[in-house]
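Data block below; observations after.
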Amino acid sequence: MRLVLVGPPGAGKGTQAQFIAEHLSVPKISTGDIFRANVSQGTPLGLQAKAYMDRGDLVPDDVTIDMVRNRLAEDDARRGFLLDGFPRTVPQAEVLDDMLAALGVKLDVVLELVVEDDEVIRRLSGRRTCRTCNHIWHVDFDPPAVEGVCDLDRGELYQRDDDKPETIANRLKVYAEATSPLVNYYSGRGLLIGIDATGPVDDVTVRAIDALRPLQHGE
Ligand code: AP5
């Protein structure tokens, strides 16, 4: 299956992407994770992306699109993928259509995680991420057993630089202006399925998997 996840910052895309990609046995391709890995390794790509990310702005399309094109060309993406964080603008969506057409494949579905702004602000301000395995935790909604330590691999948990209140406000504005038009773009193509992404993480996963089941079975 070839799937895109959309939704505002903090909707739970990264959290659900881990479970859905595992369920579908496809690689999870997160542009945010790829940028953050490059920032922490100090690569030229990371240096280019960092200033935009720290402000909560989008990294320019030329940088982002080349990065995704290279990732989609890797062997493990041949049989399907889950894209988290790309596309994020209508021009990126149009380029994705062209990239997939060149590979002779199409998107199967775009899953929209629907959450109100006040809830995403609560989620982002308490988010903690594992430095080694990237697992996502929340200090109140999904806390690790020991504060600051990942349950899965004992890695150190950190707070993302772009989870400061002023940056969160800009990310929500950028989402409303640049990314939310994707909802119409994909619903007009009959690809969009929206699910309620509020409530416990496991409930949202069940809703997502239920929504995808008819596509998995070709109904
Ligand atoms: P990116 O990493 O993609 O950030 P984002 O879209 O803002 O999304 P987040 O990762 O903040 O949130 P999420 O929806 O994944 O939520 P999560 O699961 O973590 O991008 C970062 C930056 O990179 C961008 O600002 C931009 O600069 C750049 N970039 C990336 N892609 C780009 C592109 N295509 N073009 C240009 N620039 C690009 O959950 C959040 C918290 O909530 C967690 O603590 C989690 O534990 C908790 N939580 C999750 N689900 C629930 C639930 N059901 N109940 C309670 N808590 C929950």
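Counting convention: from 1, in listed order, for ligands and their atoms alike.
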Min N/O separation Asp33 to ligand 1 under 3.5 Å: no

Connecting only ILVMFWY residues whose side-chain heavy atoms lie within less than 4.5 Å of each other, what is the rest of Leu58's hydrophobic cluster? Val174

Give a yes/no on ligand 1: does Gln16 have at least one heavy atom closer than 4.0 angstrom to it? no

Any donor-acceptor pair under 3.5 Å from His138 side chain to Ser125 backbone: no

Would you please determine whether Ala49 falls within less than 4.0 Å of ligand 1 on a heavy-atom basis? no

Would you say Arg36 contacts ligand 1, with heavy atoms under 4.0 Å as the rule? yes

List, by chain and number, the other hydrophobic cluster members for Phe19, where Ile, Leu, Val, Met, Phe, Trp and Tyr join if side-chain heavy atoms come within less than 4.5 Å, directly or indirectly. Val201

Going by heavy-atom distance to atom 12 (O) of ligand 1, choose the closest among Pro8, Gly85, Gly199, Gly10. Gly10

Considering distance alone, does some N or O of Phe86 sit under 3.5 Å from an N or O of ligand 1? no

Is the closest N or O pair between Thr31 and ligand 1 shorter than 3.5 Å? yes

Sub-3.5 Å N/O-N/O distance, Gly7 and ligand 1: no

Counting only heavy atoms, tell me which of Tyr52, Trp137, Phe35 gets closest to atom 46 (O) of ligand 1. Trp137

To the nearest 0.5 Å, what is the distance between CG on Leu113 and NZ on Lys13? 7.5 Å

Heavy-atom nearest neighbour of atom 49 (C) of ligand 1 within options Thr15, Val115, Val59: Thr15

Quick one: which of His135, Lys13, Met67, Arg160 has a heavy atom closest to atom 8 (O) of ligand 1? Lys13

Is there a nitrogen or oxygen of Gly12 sitting under 3.5 Å from a nitrogen or oxygen of ligand 1? yes

Give the single entry among Gln159, Arg122, Met53, Arg128 that approaches atom 22 (C) of ligand 1 most closely by any heavy atom. Met53

Options Val6, Asp57, Leu58, ranked by nearest heavy atom to atom 27 (O) of ligand 1, top entry: Asp57

I need the single residue from Val26, Leu191, Leu83, Leu212 that forms a side-chain contact (heavy atoms from CB on, under 4.5 Å) with Leu3. Which is it? Leu212

Determine, considering heavy atoms only, which of Arg171, Arg88, His138, Gln92 sits nearest to atom 20 (O) of ligand 1. Arg88

